[in-house]
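Numbers restart at 1 for each chain; the letters A, B, ... are given by sequence-line order, proteins then strands.
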Amino acid sequence: MEFLWDFFVAPFLDMIEYPVFLGEVAISGLLTGVMYSLVALGFVLIFKASQVFNFAQGAMVLFAALTLVGLMEHGLPVWGALPVTALIMVGLAFVIERGMLRPLINQPPITLFMATIGLTFLLEGAGEWAWGSNVKALDLGIPNSPVDVGGMLLNEFDMIAALVAAVLVAVLALLFQHTPMGRALRAVADDPQAALSLGISLRTIWIIVWSVAGIVAIVAGIMWGAKSGVQFSLSLIALKALPVLILGGLTSVPGAIVGGLIIGLGEKVAEVYWGPVIGGAIENWFAYMLAMLVLMFRPQGLFGEKIIERV
Amino acid sequence: MSAEARGGHPTPGEPMLSVEGIVLRFGGVQALAGVEFTIHAGEICAIIGPNGAGKTSMLNVLNGAYQPSEGVITFKGRSRRRMHPRTAAQEGMARTFQNVALFKGMSTLDNVMAGRNLKMHSNFVACLLPAGPARAEEARHRAYADEVISFLEIEDIRNVPVGRLPYGLQKRVELARALAAEPDLLLLDEPMAGMNRGEKAEMCRFILETKARFGTTMALIEHDMSVVMELSDHIIVLDYGRKIADGTPEEVRNDQTVIDAYLGVATEDDD
Amino acid sequence: MTVLTYITDLYNTFFATRSRAINTVFVTVISLLALFAVPTLANEYWLQAILIPFLIFALAALGLNLLTGFAGQLSLGTGGFMAVGAYSAFKMTTAWPELDIIAVFLISGFFAAGVGILFGLPSLRIKGFYLAVATLAAQFFLIWLFNRVPWFYNDNPSGTITAPPRTFAGVMITGPEAAAEVRYLVALVLLAVFVFFSWNLMRSRFGRAWMAVRDMDVAAEIVGIPLLRTKLLAFGVSSYLCGVAGALFVFLYLGSAETIAFDVNISFLVLFMIIVGGLGSITGSIIGAAFITILPIFLTNLNPILGIDLAVDLAKHIEVIIFGGLIIVILILEPHGMARLIQVSRERLRI
Amino acid sequence: MAFRNGLRRGMSGVLAAAVVAGGLSVAATTTLTGTEAQAADEQFIPLLVYRTGPYAPNGIPAANGALDYYSLINERDGGINGVTLAFEECEYRYDTKLGVECYERLKNQGPTGASIVMPLSTGVTYQLNPRAPVDKIPVHSMGYGQTAASDGRVFPWTFTFPTTYWSQASAFIKFVGAQEGGMENLAGKTIVLVYHNSPYGKEPIPTLQVLAEKLGYTLELLPVDHPGQEQRATWLQIRKIRPDWTFLWGWGVMNQVALKEAAAIAYDMERLIGVWWSSSESDVVPAGDDAIGYRGGSFHSPGAGFPLHDEILQTLYGGDAAAAAEKNFGEVLYNRGLLSSVYTTEAIRTAQAKYGNRPLTGAEVRWGLENLDLTEERLAELGLAGFTPPVKITCEDHEGNGPVIIQQWDGQNWNIVSDWIEPMQDVVRPMIEAAAAQYAEENNITPRDCSQEM
Amino acid sequence: MAGGGSEETAAAPEALLRLDAVEVVYDHVISVLQGVSIAVPEGAIVALLGPNGAGKTTTLKAVSNLLRVERGEITGGEIHFRGERIDRLAPGDLVRRGIIQVMEGRRCFPHLTVHENLLTGSYTRKDGKAAVRADLDRVYGHFPALAERRRILAGFISGGEQQMLAIGRALMSRPAMVLLDEPSMGLAPQVVARIFSEVRQLNREEGVTFLLAEQNANVALGVADFGYIMDSGQIALEGTAAELRDNPAVREHYLGLSRAADAGPDEGGHVG
């Protein structure tokens, strides 16, 4: 009985009693969700344009961050290291297209998925080999201090991260909506073969989206790296992005954002209010359960393309 | 034996299946607008009509792949608002598809055996063992499957994964799978699409032999008029989701509405 | 003898080139080698670090392959289902120490099967990668649960489960005193039995129903295959095998384990095995397990063999890179897995 | 396409050949190593390390420290009493399965086999503890692993000295009590434990709970799931609870993130105390100056200011401080690795006194460990006066009742800020004995009678 | 038939596109085309007729090189465009040279607006925005229905409009030759008639050459100058449109006329 009270009533009473704290939890959750979206975005871009479920997105985040910090440790200033890292990520996209996507064209999705797992190992190994396994601090000069907003203590870094994510999404949206390349990209996402028939080169598009995903990975790497230091574990944030991705729908950029917000909000509220009741550290599986629950009603995710089966 | 289990098998000439007032909507579009007809036991009934007339949708309604928004389906004397694919199969309806819906990773034999799935009942534990009731049942059904395979003259490809077969043969394997279920009513969606003349003639022969040998009632969609005229006892003509003619080949052939609607325009269908 | 005939059949299907008599001899020789020669010849390192984990992973891979390769349901919950097997085996054998340990292994699979069926329910609506991620919910939840509820590890302060010494027919099977040879043989026999059952099952109406659902579920429904029941059975059987593998993983291999032994990496590892080995191939599961368990160890041992003296971290980086690269190369050369690759080479060599 | 098919066939052949060749060569190395002609006067020590993977930032300095001390012994002294140390690293990425593989590979090397193993991972320790009596190789889990193994009657082959998690937890409470102006002032206070949600992280809970009952403080538990990259919810809860003290029981990336998050909610760093695996240089690096004031436990001093460090710097690095710094010289975990090696060599020395100056078997080294008596004087001889308290091991007590010290981060270095704090033996020891008894019962172990031991 | 490649271009200077004994295999094993030879003169409309699965679409895809994506491969024969061998070129290069395919089933991009769909057709062009804009106006001129719906997502327009859009989109690449696959598929008769009249107009007024694959032989032969009839991956018959229309075998088997209909000349008249 007491458990039922604790589980079904007490958390809500708590929320009503301390609305400011609830607001703080909610906003922190949303901001954290934005950080997940940053990683999920890379997945979506690649899946949209090439139907590849790129498990290596996490490893790309690690690789990008390691490269950036590694270059900075070798004396390059940030504004010098950033373009060099971006160039390296673009180069990586070329290599991946040539060495992996092209030879595996027309293979079933699971084979490509598997290949990206191979790629994960490659990138992790190469990144650590090149730049070492130690934790590297990434100081962006953004203060990591709390700011009081209407009684709520919010984190300045989080807000800046959210801003960066918003800018990134806006830039991507602009790129997709209003440039010929973006149009071609969306065309390929809709119907690769038809795009091919119009002379749109799938290979070029693949290189572009893997490059863009690489650059998104740099941004994600910077943001996450600033939080935890740049180290191997960055590769594991892919696991935090998966439920976001699935909830939003594999093919939708807005889905990645909204999915991130929902997961971020949901898991923080669950952890803070229900975690203590059932033992804590529930946010990981809660995010997956939440995603699964949504899928039960919308099997293609919130914004995903409806899967139409023709007989 | 299974016929009794599935309820009375209508004697030739009695209604096998009839539909009344079938309406099917996709979004705002009415794919079928109040269709009704009856297929009698023992006959080959052709459903024809121009592209987009709703023929495939009609078959999908018959076996429950689509749920109509209105109408009644009566199969072997039992009326229903809607069919379910599995119920349809259980009651003795089998079908083939326009674009071939085979199990591509499985061999011809396995596909045909899958068609007999409903007739096999051995339990899970028995199936783990190399001998015993499950194997005996398996052997019995394999014998029947082999019979169907040799009936359709596809012994050579018995063990080939069907995904590797050319289209024409896949169509035949699909027919074999449907026949393996020993259906009372067989729905064939363009059984001859994509075949050359020789293959078509062969397929016609199989269809006629099926009727002769198993007494199966068939409803088929086909756009090759020579084939339709040669095979069918009964023709239903659909146009824009409505039935515009229903009768013997002779009657339909001379129906002016049909000539205008169908012969005047397109043959149909995709590659 | 029937076992032998069926292994021979399996062999025939893959390498049907020689007469049945020769194959029978071949399979007999292999079986005898595996049963008698390997345990006597292999040293403890081979048994403990390579062969025993290989056999156990082969069993888990077989389980996942039935679900993913045959029934077409992509799952990343393997680690969780293995954990269910392991923890239920631990609970049973500590609660009833007199219960025969082999029986414990076999029963523990049923708990995993139950949980697997439960988490298989969404598969009716969710497909492909969406399903894979949904099964991760099972993975994370189960691991959390076993970690969270002390009952599962008998409230012991270390929070780990330990394989207690247990015997079968007077022979020590588990616990630190159990000889590696014995543990090897138990794993071998269990694997052989399950391979044998799976082989029969795949050639029965159930196996066909799974493959039909995999290849085209709409058509499967139309030939009268009940989708939900078929998928759930696949989840059940698959989880059963994974559960038994999980129990063996702790009792025959690790000796003791915390939940992290069953984390999501295990799920991915087993998935690698079946993709690299060959989806929808029983032999492929075994080959894949061999490849994925032995390759890293082989690479680790490569440098000393070649006489190259690399720093251990550098050697590891190179090893990881080669491992990743090899996966891609194998997929490019033979997307259908190593089972097919080996089949092709055997046909060519006409062995 | 034909090319590809050809390649594919070729590949399959190569692959088959490679597998066979690989198998044979692995077999060859593993069987040969046993009989390989090795210098008869070598003492083999396996080193399970992780210099790659998610925990490499912790594994690297620890491995470097351990390695440097053995090298020093060989280079400076020509081994222990003329017996050279042979050691081999095995990289296992902090992956329990690979760790066990390393152990199996190395355990039979050298003329007498592996004489001692230091897994440097709680997971691997749990695997090895039951095997140790069978393989006759002692396990030394220094400040980690299974606390119950401190009871030498149930775990004759496992050693946990100089101290354990449970002792550390009780020492933290003593430290906190002192800060509050007396243990009695702890009543009514709130202490939060932020812990790695694994058996490792849960280690201190029983101790802290027992003490909570005794001393009247409230204990709140906040688990963080592996790997712990996202802890916003945890720290929000801390903000809500407003604890007087927070203990951090993390590992790897969890530590770095926890410090960042603590700073982000402006948590008073002076009131955050980390376990000794949460308070090394790499843990505070990302938080930078925000981590100033953060304190952590330890069982040895930080820094490179001891005579032994000078000798290492001169002997191994030729006085090149920069090169040494590359190898984490003087960092907290480097020193811990160093200390581990000191214990090993001293145990071997102790055993040599009984068995003679020759390579020893695992069983002989076990005796050395059990009879280890590392006095102040001996520590001073080693150049480690004041580095760590003396320790004496007995048949019953494999922990040595080691005290704990508190260090604090000043933005550049870790500094000692407390005296050596004796753990509450009256609380901890009975718990250890109870846990060991439970283990013995579950695993059909008859505890040995220490009065029979010599 | 398999004469020297060099001499052919000289012998038939009028052939804009020429297929010589082209063979196509899918998945390494399934032979779909077995030696197809076709010539398309500049400025003509050539119809490729035949039943479902005869290889019409594959023939078009062999020209536009869209086979690779479907695991198909040209294993024999040559394809020449303006005398240049093109069977190894990427689809993009072909579009730049003036060959573009309008695929079966329209394949408009459903999440792009009508306007954006048209713009994707100009992907390969490098002649500046002004020229593209002029072409947009031209396409909207041909298909006023599209102009009205320019801001609407292509997924929401009718089948006939989609077909117009697909053709218009192809025109945006300024093609010399359009490969048009089954434009009548699934469309109402009046719509089919409108589309075919537009095809004829484009051909006459702008000199666009068409290679048209159709099952609806009646309509196709109505606009075409020449026709090829395919069966089982081979050319069964060829000739001018008029010849084919009058050929009794064609009438029976490919024009969808039943024997019965054939018997009664009155009904037959409805078709012609």
Checklist entry - Under a 4.5 Å cut-off applied to non-hydrogen side-chain atoms, are C:I260 and D:S198 in contact? => result no

Next on the checklist: Counting heavy-atom pairs under 4.5 Å with chain D, which one of C:P164, C:P165, C:G175 comes out on top?
Outcome noted: C:P165

Checklist entry - Counting heavy atoms not belonging to D:E441, are there more than 12 under 6.0 Å from its CD? => result no

Checklist entry - Say you draw a straight line from CG of D:D135 to CD of C:Q48; how long is it, rounded to the nearest 0.5 Å? => result 9.0 Å

Next on the checklist: To the closest 0.5 Å, what do you measure between OG1 (D:T96) and CG (C:D263)?
Outcome noted: 9.0 Å

Checklist outcome for this item: If one checks every heavy atom of D:I205 against chain C at 4.5 Å, the contacting part turns out to be neither

Checklist entry - What do the steps show when you test D:K202 against C:E258 for side chain to side chain contact (heavy atoms under 4.5 Å, CB included), and what is the final call? => result CA-CA 12 Å; D:K202 287 191 278 193; C:E258 46 184 308; over 6 Å; no

Checklist entry - To the nearest 0.5 Å, how far apart are OG1 in C:T162 and OH in D:Y126? => result 8.0 Å

Next on the checklist: Counting only non-hydrogen atoms closer than 4.5 Å, does C:F146 touch chain D with its backbone (N, CA, C, O), its side chain (CB onward), both, or neither?
Outcome noted: neither

Checklist entry - With a 4.5 angstrom heavy-atom cut-off, which part of C:A163 approaches chain D: side chain, backbone, both or neither? => result backbone

Checklist outcome for this item: Between C:P176 and D:P130 the two heavy atoms that sit nearest each other are CB-O, 3.0 Å

Checklist entry - Between C:Y45 and D:E101, does a side chain to side chain contact (heavy atoms under 4.5 Å, CB included) hold up when you go through it step by step? => result CA-CA 8 Å; C:Y45 169 70; D:E101 193 262 323; 2.2 Å; yes

Checklist entry - Are D:K97 and C:L254 close enough that some pair of their side-chain heavy atoms sits under 4.5 Å apart? => result yes

Checklist entry - More than 12 heavy atoms of other residues, nucleotides or ligands under 6.0 Å from NZ of D:K327: is that the case? => result no

Checklist outcome for this item: When C:T300, C:I50, C:I297 are each screened for side-chain contact (heavy atoms from CB on, under 4.5 Å) with D:R105, the one that passes is C:T300

Checklist entry - Do D:V49 and C:V312 pass the side chain to side chain contact (heavy atoms under 4.5 Å, CB included) test, and can you show the C-alpha distance, the side-chain angles, and the key distance before you say yes or no? => result CA-CA 9 Å; D:V49 301; C:V312 285; 4.1 Å; yes

Checklist entry - Okay, side chain of D:N197, backbone of C:N147: is any donor-acceptor separation there less than 3.5 Å? => result no

Checklist outcome for this item: By side chain to side chain contact (heavy atoms under 4.5 Å, CB included), C:I321 pairs with (sequence neighbours left out) A:L122, A:A126, A:W129

Checklist outcome for this item: Heavy-atom closest pair (C:G159 atom, D:P199 atom, distance to 0.1 Å) is O-CG, 3.5 Å

Item to check | D:A435 versus chain C, the contacting section by heavy-atom distance below 4.5 Å | outcome: both

Checklist entry - Using a cut-off of under 4.5 Å for heavy-atom pairs, which of D:H226, D:Q438, D:E442 has the most such pairs with chain C? => result D:Q438

Checklist entry - With a 4.5 angstrom heavy-atom cut-off, which part of C:L47 approaches chain D: side chain, backbone, both or neither? => result neither

Checklist entry - Quick one: what part of C:Y153 sits under 4.5 Å from any heavy atom of chain D, side chain, backbone, both or neither? => result side chain

Checklist entry - Does any heavy atom of chain C fall under 4.5 Å from the side chain of D:Y103, the backbone, both, or neither of them? => result neither

Checklist entry - Rounded to the nearest 0.5 Å, how far apart are CG of D:N443 and CD of C:E177? => result 10.5 Å

Checklist entry - chain D heavy atoms under 4.5 Å from C:N154: which part of the residue, side chain, backbone, both or neither? => result both

Checklist outcome for this item: Honestly, the part of C:T94 sitting under 4.5 Å from a heavy atom of chain D is neither

Checklist entry - Under the side chain to side chain contact (heavy atoms under 4.5 Å, CB included) criterion, do C:E319 and D:E91 qualify, and how do the steps go? => result CA-CA 11 Å; C:E319 182 194 318; D:E91 167 68 37; over 6 Å; no

Item to check | pair D:R93-C:V320: side-chain heavy atoms closer than 4.5 Å | outcome: yes

